Amino acid sequence: MSIDIQKIRKDFPILDQTVYGKPLAYFDNAATAHKPLQVINAIDEVYTKYNSNIHRGVHHLSNVCTQAFEDARIKVQHFLNAPNAHEVIFTRGTTEAINLIASSFGETFLNKGDEIIVSQLEHHSNIVPWQLLEKRKGIVLKVIPINDAGELMLDALEELMSDKTKLISVAHISNALGTINPIKTIIDKAHARNIPVMIDGAQAVQHVKVDVQALDCDFYVFSGHKIYGPTGIGALYGKEKWLNQMEPYQGGGEMIQTVSFEGTTFNELPFKFEAGTPDYSGAVGLAAAIDYVNEIGLENIAAYEHELHDYALEKLAAIPNMRFFGTAKEKASVISFMVGNIHPFDMGTLLDKMGIAVRTGHHCAQPLMQRYNIPGTVRASFAVYNTKEEIDRLIEGVIKVSQLFG
Amino acid sequence: MTINEIQEEIVEEFSVFDDWMDKYSYLIEIGNDLDGFQEENRLDNNLIEGCQSKVWLHAELTDGKIFYTADSDAIIVKGIVALLVKVMSGRTPDEILESELTFVEKIGLKEHLSPTRSNGLVAMIKQIRLYALAFKAKQA
Ligand SMILES: Cc1ncc(COP(=O)(O)O)c(C=O)c1O
């Protein structure tokens, strides 16, 4: 099935605008994707039709709202092919999910001298929570290096794993380079030594089909806003055996069974990890986003994005002094580049004047920028609503800026 | 020339550009031409780290006047830095503290002074004034 881009673009009202008098061409999708009407309307409906606090009411609206929230959980469960709905915890996003794991898994399982392995291409969200644990618990963070193409060096992983390794936490897809990491291989290698693995799927769920059972990962986390869903909602899948043993993350309403000043007992999964009133409208929006993606078909989306990627890559490559960062064999629809030594900020500022939105800077992956010894890159990341005409404008813009800098 | 006269001169210079491309080309030219920043001053405590670009600012008091030298790794930022130095350098602390920066807005580059840009320029302007305050206190 080929997809009807013009029809899809109509679903995204935000695309229909001009910036500095030029039509908007939005290539900052890896930072956040726009929302289709289907998602906007679903959230609208929560507030216009059945808003009510969940799990606590005997009344009708509360039941409707609770049902919608739990349906959203089941939607995420099926989307990831998780065995059980209670293994899906709603969080504010990837960052909170990783912090939850660092905090709760850390509290329960980590002691001084224990080791956590991440990689050199991680987003700060998958670095800093572990560094906080280094401080709090005296654990040690180990780093899988990458080669020049931006691929993880798996031989090094073998050497990094030891009896002290308690968790490996890596991105499924790099936000700055687009590298698709061989997570199945990593998981298998880790499991051979009884080491659990967490996967940061923030850049993956919108591009590739994820099956947590086939992967056999122990944790998988992602953000709603990068998959055409609302901001402020994301999900954490965790194997029941871990989640049950882990200490709660935050305390409050919903997560308790009974509370007394002598002692409190905690609720069962998933509520144990969802303290306070959750973002149920966000969850409903996320469910609508998953429906939207499923309707078009992730394979169709991926195929189209690849076409855009290859089209852009070929044209960009023809520009003199083009430098690409991230040339892995397995790559998602993200292109990170510099032209000569033109500062990414300069390139981004001038492209913006032409109505072209790209991301510039270190992409919250400073250790990765240090690896390449650059201040940052210009990143164009593609989504299902982008077109080749937009890419032509990007290319034209990059050429123009390059000429300006002579 | 006073601070305001120089600001007016800059506004005048920029008024010939009605096309943003020409304006930015000129800014890039100014940025490329900025020199005078001594390598020995490229120190961490002269560094103003924006999320997007870096600015270095050094200040010296000579004969009651503050002389600023500055640099940036991004050329557009460096162009604006050059203009700021041109306006502010060689002034007494009082002149700097009493001045009102109006030219950036008038030449249509106000967006670069928005805190959301995170390019180091807002912090640089703050730092220029802080130096003036500090030197003034020292003189008193
Ligand atoms: C790979 C990766 N991990 C984590 C995050 C953080 O996601 P969020 O800000 O939605 O929590 C991002 C977002 O940029 C990302 O790309």
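What you see below is based on every heavy atom in this structure, not just the backbone, and it leaves out hydrogens, waters and symmetry mates. In what follows, every chain begins at residue 1, and chains take the letters A, B, ... in the order their sequences are listed. None of these values were measured; they are calculated from a predicted model.
Proximity to chain A (any heavy atom under 4.5 Å) is shown, for B:Glu29, by neither the backbone nor the side chain. Contacts of A:Ile342 with chain B are absent, with no heavy-atom separation under 4.5 Å from either backbone or side chain.
Scanning residues 120-133 of chain B against chain A with a 4.5 Å non-hydrogen threshold yields no residues. Within residues 362-378 of chain A, the residues having any heavy atom less than 4.5 Å from a heavy atom of chain B are, in residue-number order, A:His362, A:Pro375. Residues of residues 118-135 of chain A lying within less than 4.5 angstrom of chain B, judged on heavy atoms, are absent. Interface with chain A: from residues 72-88 of chain B, residues B:Asp73, B:Ala74, B:Ile75, B:Ile76, B:Val77 qualify, criterion being any non-hydrogen pair under 4.5 Å.
Side-chain contact between B:Trp20 and A:Met354 is present, with at least one heavy-atom pair separated by less than 4.5 Å. Within the 4.5 Å cutoff, the side chain of A:Leu350 has heavy atoms near those of the B:Ile28 side chain. Using a 4.5 Å cut-off on side-chain heavy atoms (C-beta onward), B:Gln52 and A:His343 make no contact.
For A:Glu314, the CD atom sits in a loose shell: 12 or fewer heavy atoms of surrounding residues, nucleotides or ligands are nearer than 6.0 Å. With a 6.0 Å radius and a threshold of 12 heavy atoms from other residues, nucleotides or ligands, B:Lys54 has its NZ atom at or below the threshold. Crowding of B:Glu100 atom CD: a count of heavy atoms from other residues, nucleotides or ligands under 6.0 Å not exceeding 12. At most 12 non-hydrogen atoms from other residues, nucleotides or ligands lie less than 6.0 angstrom from CG of B:Asp44. The neighbour count for B:Asp63 CG, taken as heavy atoms of other residues, nucleotides or ligands under 6.0 Å away, does not exceed 12.
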